[in-house]
Asker: 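Before I ask anything, here is the structure I am working with.
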Amino acid sequence: MQFKTLIFRFQVSLNRFQFIQVALLLLLSLSNEVRVNGQCEHNPAPKPRPHTVSILEFGAVGDGKTLNTIAFQNAIFYLKSFADKGGAQLYVPPGTWLTKSFNLTSHLTLFLEKGAVILGSQDPFHWEVVDPLPSYGRGVEVPGGRYQSLINGYMLDDVVITGNSGIIDGMGLAWWELFSSHSLNYSRPHIIELVASDHVVVSNLTFLNAPAYSIHPVYCSNVHIYNVSISAPPESPYTIGIVPDSSDHVCIEDCVIETGYDAIALKSGWDEYGIAYGKPTENVHIRRVHLQASYGSTIAFGSDMSGGISNILVENVYLYNSRSGIEFRTMRGRGGYIKEIVISEIEMENIYTAMAATGYCGSHPDDKFDPNALPLLDHIIFQDMIGTNITIAGSFAGLEESPFTNICLSNINLSINAVSSVPWECSNISGFSDSVLPKPCPDLETLSDCLSNLSVKGKTADM
């Protein structure tokens, strides 16, 4: 939209003094645009592999009782020889394939046929213990190491985990019981964890009962997750669906996720360790997903965000039956930033708190954190949202030393239920709102840099 057109829109409703103020803000903002890119527009379909082998060729038995770890390991070792020949595919036919952890290799497709189920062993002694991630400094749940995830990759390139509606079941019950009884020796494993890898695809699969996270790309680039279904029971403690962690150029689309805690959580390291590692999560696009989070948030930012989170586009999303819709979490000692986030075209149903941002969430890995490392939260855009049976429209609590700035709301209509007493809760924030019901708190009715143009998917959106 041209500058003159924007000026005309504001002339209609503002007096001369207000018009001059807005014109000056627009002139400044046009030179400092918030740009959010649609990563999902740039994901070619994976090419077929020229070589395929079946897990049956390596002695695997799909009876749900026989441990098939050696078969997976031997098959993948064999397929390494095809890396320079276009790669290869490991085919998993119908059956129930029990296994311990195993590692993938580059230029590999792991394909699960319809009726194929990979089961994770419930015996903790079957899970190798690995070092903490450097951006966390220790296990997230227990100091020290962590159990290796069911399916792993480290410094890989061109990895595809896909199928024809196959299932990967993390068999999380034993892990949930250990967590709830405070009996863990090490932090829980995930179903899939890919570390420092490039060109990763996860698609066309169902993930059940993750011990902790279902899909965890960490320090990765060019990740495409689509057409997956993720489910864990409401009572499963702190289970999370997809966790882009210090990763960039990520697309998550056409997924259905129902978990005990968060459906999708964006992270980038913990306190001094995340600050020192310094790898942000950025350039993430989330679209056309249905999300339910029993005790957490359908989409969460943080609270581990010390490496920074920026340039995120969330659009065309349905959120339902959850404690929180979209939530930003941080605290003193985190450092880092959450900025340049666009949340658009959202439908909510049966959500307790629709939008939230807090500077008082989380814990510290140890006593070495810097209490003066204050997080920045700036330029968060909510637009084109509707909601029914909402209890709290928005709860925003910034830090007194580092208020949350440019919280921008436009074209939002939330139907508040009879349980609600105060639809908005605000402190230490500033922002702007237009066409928002119920009417926001005064902190969200001030002129601010929200008037910056937003470049979304190559087109201009504006507040």
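For the single chain, residues carry numbers from 1 onward in sequence order.
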Asker: For G302 versus I309, what's the shortest heavy-atom pair and its separation?
Answerer: N-CD1, 4.1 Å
Asker: Is there a donor-acceptor pair under 3.5 Å between the side chain of N152 and the backbone N or O of Q148?
Answerer: no
Asker: Roughly how far apart are Q122 CD and D169 CG, rounded to 0.5 Å?
Answerer: 8.5 Å
Asker: CD1 of I225 to CD1 of I264: how many Å apart, nearest 0.5 Å?
Answerer: 8.5 Å
Asker: Taking side-chain hydrogen bond (donor to acceptor under 3.5 Å, both in side chains) as the definition, give me every residue that meets it alongside E253, ordered by chain and number, with sequence neighbours left out.
Answerer: H224, R287, R288
Asker: Mind jotting down which residue pairs meet the side chain to side chain donor-acceptor pair (under 3.5 Å) criterion with at least one end in residues 185-200? Sequence neighbours excluded, please.
Answerer: E141-R188, R146-E193, D157-H199, E193-H216, D198-N222
Asker: Should Y213 and S149 count as side-chain neighbours, where that means a heavy-atom distance under 4.5 Å?
Answerer: no
Asker: Do you know the tightest heavy-atom contact between A293 and A263?
Answerer: CB-N, 3.9 Å
Asker: Return yes if a side-chain donor-acceptor contact under 3.5 Å exists between N316 and E345, otherwise no.
Answerer: no
Asker: Keeping S180 on the side-chain end and E177 on the backbone end, is there a donor-acceptor pair under 3.5 Å?
Answerer: no
Asker: Is a donor from one side chain sitting under 3.5 angstrom from an acceptor on the other, for N417 and Y352?
Answerer: no
Asker: Indicate whether any N or O donor in one side chain lies under 3.5 Å from an N or O acceptor in the other, for T66 and D63.
Answerer: yes
Asker: Quick one: closest heavy-atom pair of S101 and W127, and the distance?
Answerer: OG-CE3, 3.4 Å
Asker: S420 side chain to I416 main-chain N or O, any donor-acceptor pair under 3.5 Å?
Answerer: no
Asker: Rounded at 0.5 Å granularity, tell me how far CE in M348 sits from CD1 in I390.
Answerer: 6.5 Å
Asker: Working to the nearest 0.5 Å, report the span between OG of S310 and NZ of K339.
Answerer: 6.0 Å
Asker: Are L108 and V160 close enough that some pair of their side-chain heavy atoms sits under 4.5 Å apart?
Answerer: no
Asker: Taking the side chain as every heavy atom from C-beta outward, state whether D254 and V289 have any atom pair closer than 4.5 Å.
Answerer: no
Asker: What pairs with C255 under disulfide (SG to SG under 2.5 Å), at least two apart in sequence or on another chain?
Answerer: none
Asker: Which residue, I326, I346, V436, forms the side chain to side chain contact (heavy atoms under 4.5 Å, CB included) with F382?
Answerer: I326
Asker: To check you understand the geometry: which heavy-atom pair defines the closest contact between F369 and G333, and what is its length?
Answerer: CD1-CA, 4.0 Å
Asker: Hey, does the Lys NZ or Arg CZ of K279 hover above the aromatic six-ring of Y277, less than 6.0 Å from the centre and inside 45° of the axis?
Answerer: no
Asker: Measure the acute angle between the ring planes of Y78 and F82, then classify it against the limits of 30° and 60° as parallel, tilted or perpendicular.
Answerer: perpendicular
Asker: Return yes if some donor-acceptor pair links the side-chain N/O of W176 with the main-chain N/O of A212 below 3.5 Å, else return no.
Answerer: no
Asker: Can you check side-chain contact (heavy atoms from CB on, under 4.5 Å) on R334 and E272, steps first, answer last?
Answerer: CA-CA 7 Å; R334 285 289 191 267; E272 69 270 22; over 6 Å; no
Asker: Just wondering, do E347 and M385 contact through their side chains at under 4.5 Å, heavy atoms?
Answerer: no
Asker: Given Y320, which partner from the list Q292, H290, E258 fulfils the side-chain hydrogen bond (donor to acceptor under 3.5 Å, both in side chains) test?
Answerer: E258
Asker: Does the gap between the ring centers of Y147 and W175 come in under 6.0 Å?
Answerer: yes
Asker: So, taking the atom named CD1 in I118 and the one named CD1 in I167, what distance separates them when rounded to the nearest 0.5 Å?
Answerer: 11.0 Å
Asker: Between E425 and S395, does any side-chain donor sit less than 3.5 Å from a side-chain acceptor?
Answerer: yes
Asker: Is L376 close to F404 at the side-chain level, that is, under 4.5 Å between some pair of heavy atoms?
Answerer: no
Asker: Test side-chain hydrogen bond (donor to acceptor under 3.5 Å, both in side chains) on E315 and H285 and set out the steps.
Answerer: CA-CA 8 Å; E315 61 175 344; H285 190 181; 2.7 Å; yes
Asker: If we ignore hydrogens and angles and just use 3.5 Å, is the side chain of S433 paired with the main-chain N or O of L444 as donor and acceptor?
Answerer: yes
Asker: Is it true that D158 and R49 make a salt bridge, defined as a side-chain N closer than 4.0 Å to a carboxylate O?
Answerer: yes
Asker: According to side-chain hydrogen bond (donor to acceptor under 3.5 Å, both in side chains), who are the partners of S297, at least two apart in sequence or on a separate chain?
Answerer: S324, E327, R329
Asker: Is it true that T388 and S415 share a donor-acceptor pair across their side chains at a distance under 3.5 Å?
Answerer: no
Asker: Looking at side-chain heavy atoms only, is the closest gap between Y91 and I55 below 4.5 Å?
Answerer: no
Asker: If you compare all heavy atoms of V202 against all heavy atoms of V228, which two are closest, and at what distance to 0.1 Å?
Answerer: O-CG1, 3.9 Å
Asker: Would you say the side chain of T330 lies within less than 4.5 Å of the side chain of S303, judging by non-hydrogen atoms?
Answerer: no
Asker: Spell out, as yes or no, whether a donor-acceptor pair under 3.5 Å connects the side chain of K80 to the backbone of I76.
Answerer: no
Asker: Describe, in one word, how the ring planes of F102 and F72 are oriented to each other, choosing from parallel (under 30°), tilted (30 to 60°) and perpendicular (over 60°).
Answerer: parallel
Asker: For G325, does its backbone N or O pair with a side-chain atom of S322 as donor and acceptor, under 3.5 Å?
Answerer: no
Asker: Per the ring-ring contact (aromatic ring centres under 6.0 Å, His included) rule, what does the pair list look like for residues 255-276, sequence neighbours excluded?
Answerer: Y238-Y261
Asker: Check S344 against D384 and note the closest heavy-atom contact, atom names and distance.
Answerer: OG-OD2, 3.9 Å
Asker: Checking the side chain of S306 only, and the main-chain atoms of D271 only, is there a donor and an acceptor separated by less than 3.5 Å?
Answerer: yes
Asker: Does a donor on one side chain and an acceptor on the other come within less than 3.5 Å for N227 and S203?
Answerer: no
Asker: With distance as the sole criterion, is a donor-acceptor pair present between the side chains of R323 and S294 under 3.5 Å?
Answerer: no
Asker: Less than 4.5 Å apart, side chain to side chain, heavy atoms only: is that true for P93 and W97?
Answerer: yes
Asker: Roughly how far apart are I341 CD1 and N311 CG, rounded to 0.5 Å?
Answerer: 8.0 Å
Asker: Given 3.5 Å as the limit, does a donor-acceptor pair link the side chain of T281 with the main chain of K267, or not?
Answerer: yes
Asker: Sequence neighbours left out, what passes salt bridge (Lys or Arg N to Asp or Glu O under 4.0 Å) with R138? Give chain and number order.
Answerer: none
Asker: Look only at the side chain of S247 and the backbone of S221, and say whether a donor-acceptor pair between them is shorter than 3.5 Å.
Answerer: no
